[in-house]
Amino acid sequence: MKSIALWFWNIKLHNKIFLVLLFGALFGTLFNVSSYKIKVTYKEQGEEKSAIIERWDLVEFVYQASGGVQAVFGKDDQLKILSHFQNFSRDQKQNYGILVRWENPDGSIRQELYQRIIDLQKVKTIAVAIKPIGTLFIRLLTFIAIPLVLASLIVGASSLGNIGIVGKIGAKMIIFYICLIAIAITIGLTFANVIKPGEKLAQDAREKLLVEFAPNIKTKISENIDLDVINTIVNIVPTNPISALANAEMLQIVFFALIVGITLTMIRKEKSEPVIRFFDGFSELMIRMVGIIMKLAPLGVFALISATVGEFGFDILQTLFWYALTLIIGLAFHQFIILGSLVKVFSGMNPVRFFKGIRNVMLIAFTSSSSAATLPVNMKSCEENLGVPKKITSFVLPLGATINMDGTSMYQAVAAVFIAQVYGIELHLSEQLIILLTALLASIGTAPVPGVGIIMLIIVLRSVNIPEEGIALIMGIDRFLDMCRTVVNTSGDAAVATAIAKSEGVLEITNEK
Ligand code: ASP
């Protein structure tokens with residue numbers, strides 16, 4: 001045992017993370033949250049109590065005052081029961097109780113009444129209970145992202161020297177990003193049209209999903225999201241840089257840091273130098289901090305994966321198998337073939353070396369589902385393993401994390417076609433082109449945090465009149481696919497960073513550590 005621990009301690013960080021990813025998934029599977037248990041918290045004689053109900057045959061919501069039955073659910077309806085309760089207003093919750101019935105093998109009935117319910121929840125297992133350790137790890141990475149971007153971009157821009165160079169790099173970057181997103185969407189549309197996952201979804205599964213997840217999507221649909229391109233562009237200029245920092249408005253921060261960096265080259269050296277040196281030291285400090293925090297990665301990754309797998313209902317993977325498969329094949333194609341070719345052709349780099357260099361990036365993106373949390377790791381890996389200088393990473397990666405979402409855009413295209421197929425809506429070429437355009441804009445507008453892609457999907461659905469309620473179909477599997485698409489989102493940024501560094505003649509070929 002001791003020698004295993006010692007061996008584990010001594011292996012490389014990415015191997016450690018990879019191993020805990022596997023063990024975490026196994027642990028989560030073993031301690032999967034049961035779909036046949038519910039923890040009920042209720043009030044009895046003024047005292048708060050809780051009980052666990054298991055393997056019920058029938059659950060009835062009853063109105064306490066009259067005893068009237070308000071809703072009835074069967075034994076496979078855990079999710080429906082929970083979302084039915086969540087949709088109650090505060091007052092309603094107080095006024096309802098649940099009556100649980102079991103049918104004994106001899107045909108007799110046993111029943112239990114829980115009055116004045118305060119809460120209904122799934123029963124947490126150890127795999128889910130350790131989630132806060134993972135959340136802590138992600139929060140540590142996320143808090144580095146904003147100061148790191150600010151400091152390193154100020155230094156980067158001031159070393160680029162003038163607006164002309166910034167503009168040239170910026171233009172190249174935008175062209176790369178837009179082309180990559182368009183390619184990703186085209187791949188997604190092609191696979192979805194060829195595999196036709198929507199036609200493979202059974203009718204009863206479709207109805208079950210629509211009923212089970214409908215309450216969860218109400219709030220998402222009611223969010224007023226619109227694509228206002230002009231407004232988005234105007235909003236890049238912050239009125240108050242401090243509030244931009246406080247609200248993690250990445251585009252605004254990048255804009256501010258660029259202006260500061262460029263203007264620093266226009267003032268007297270004795271004035272500009274201390275400022276640049278301060279930010280240089282500050283960004284060095286942040287990068288060092290990423291290294292320290294990454295030492296916690298094995299713990300954090302284990303906790304996050306075990307909680308995600310522990311909460312995951314595996315039935316849904318079976319139900320949505322073809323949809324998930326279509327997207328995963330598309331993502332893998334983009335990740336390895338398209339990005340691999342990009343680094344080969346534009347960066348002159350062996351793709352194997354590239355993917356080795358961003359191993360940690362892919363692992364953290366997968367576990368965190370957040371491009372923002374992965375950004376500090378991406379900057380560190382690109383600089384240390386791929387030889388991209390700081391002045392390029394500090395510019396290209398934060399912008400990439402915000403606007404370049406190849407995985408998310410492909411997901412939006414596949415999901416839109418899938419939902420249309422389920423509803424039997426035929427999408428003509430012109431409509432598929434509209435999907436391409438809106439998915440491109442929607443993915444740019446997607447914030448680099450978990451689960452936003454599905455909200456922005458509503459814009460894509462609206463653009464071609466696919467019923468928005470359709471997102472209920474794919475909701476249950478979204479977290480898993482979010483993990484996969486975030487890997488592609490972050491890898492795309494790294495690939496473009498190497499290509500731009502090469503085109504500027506500053507890509508240093510280092511030996512990967
Ligand atoms: N989680 C994704 C990211 O951070 C965004 C999304 O697709 O929801 O890149």
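Given the structure is predicted, the values throughout are model-derived calculations rather than measurements.
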Q | Met456 vs Ser443 side-chain heavy atoms within contact, under 4.5 Å | A | no
Q) Within the distance-only criterion (no hydrogens, no angle test), does the side chain of Arg485 pair as donor or acceptor with the backbone N or O of Ser369 below 3.5 angstrom? A) no
Q) Counting N and O atoms only, with roles assigned by atom type, does the side chain of Trp102 sit under 3.5 Å from a partner on the main chain of Arg55, one being a donor and the other an acceptor? A) yes
Q) At what distance, to the nearest 0.5 angstrom, does CZ of Phe18 lie from CZ of Arg359? A) 11.0 Å
Q: Would you check if Leu375 and Leu397 make a side-chain contact, meaning some heavy-atom pair closer than 4.5 Å?
A: yes
Q. Would a 4.5 Å heavy-atom cut-off, applied to side chains only, mark Tyr323 and Leu473 as touching?
A. no
I'd like a table of donor-acceptor pairs (distance under 3.5 Å, sequence neighbours excluded) in which one partner is a side-chain atom from residues 301-312, with atom names and distances.
from: Ser306; atom 1: OG; to: Ala127; atom 2: O; distance (Å): 2.9
from: Thr308; atom 1: OG1; to: Leu304; atom 2: O; distance (Å): 2.6

Q: State, with a plain yes or no, whether a side-chain heavy atom of Leu180 is found less than 4.5 Å away from one of Leu339.
A: yes
**Q.** Side chains of Asp76 and Tyr36 in contact at under 4.5 Å (non-hydrogen atoms)
**A.** yes
Q. Could you give the distance from CD1 (Ile403) to CD1 (Ile174), rounded to the nearest 0.5 Å?
A. 4.0 Å
Q.
To the closest 0.5 Å, what do you measure between CG (Leu481) and CZ (Arg479)?
A. 11.5 Å
Q) Does one side chain, of Asn193 or Gln432, offer a donor that lies under 3.5 Å from an acceptor on the other? A) yes
(Q) Any heavy-atom pair between the side chains of Trp56 and Ile38 that's under 4.5 Å? (A) yes
Q | Side-chain H-bond candidate by donor/acceptor type, Asn489 with Tyr411, under 3.5 Å | A | no
Q. Should the pair Phe88 and Phe85 be assigned to parallel (<30°), tilted (30 to 60°) or perpendicular (>60°) ring geometry?
A. perpendicular
Q. Roughly how far apart are Ser409 OG and Ile435 CD1, rounded to 0.5 Å?
A. 12.5 Å
Q. Judged by atom type as modelled, is there a donor-acceptor pair below 3.5 Å linking the side chain of Asn247 to the main-chain atoms of Ser243?
A. yes
Q: Going by the side-chain contact (heavy atoms from CB on, under 4.5 Å) test, name the single residue among Val417, Ile329, Leu325, Val414 that passes it with Ile195.
A: Ile329
(Q) Any non-hydrogen side-chain atom of Val396 less than 4.5 Å from a side-chain atom of Asp493? (A) no
Q: Would you please name every residue forming a ring-ring contact (aromatic ring centres under 6.0 Å, His included) with Tyr114, sequence neighbours left out?
A: Tyr42
Q.
Would you say that Met362 contacts Ser491 through its side chain, given a criterion of any heavy-atom pair below 4.5 Å between the two side chains?
A. yes
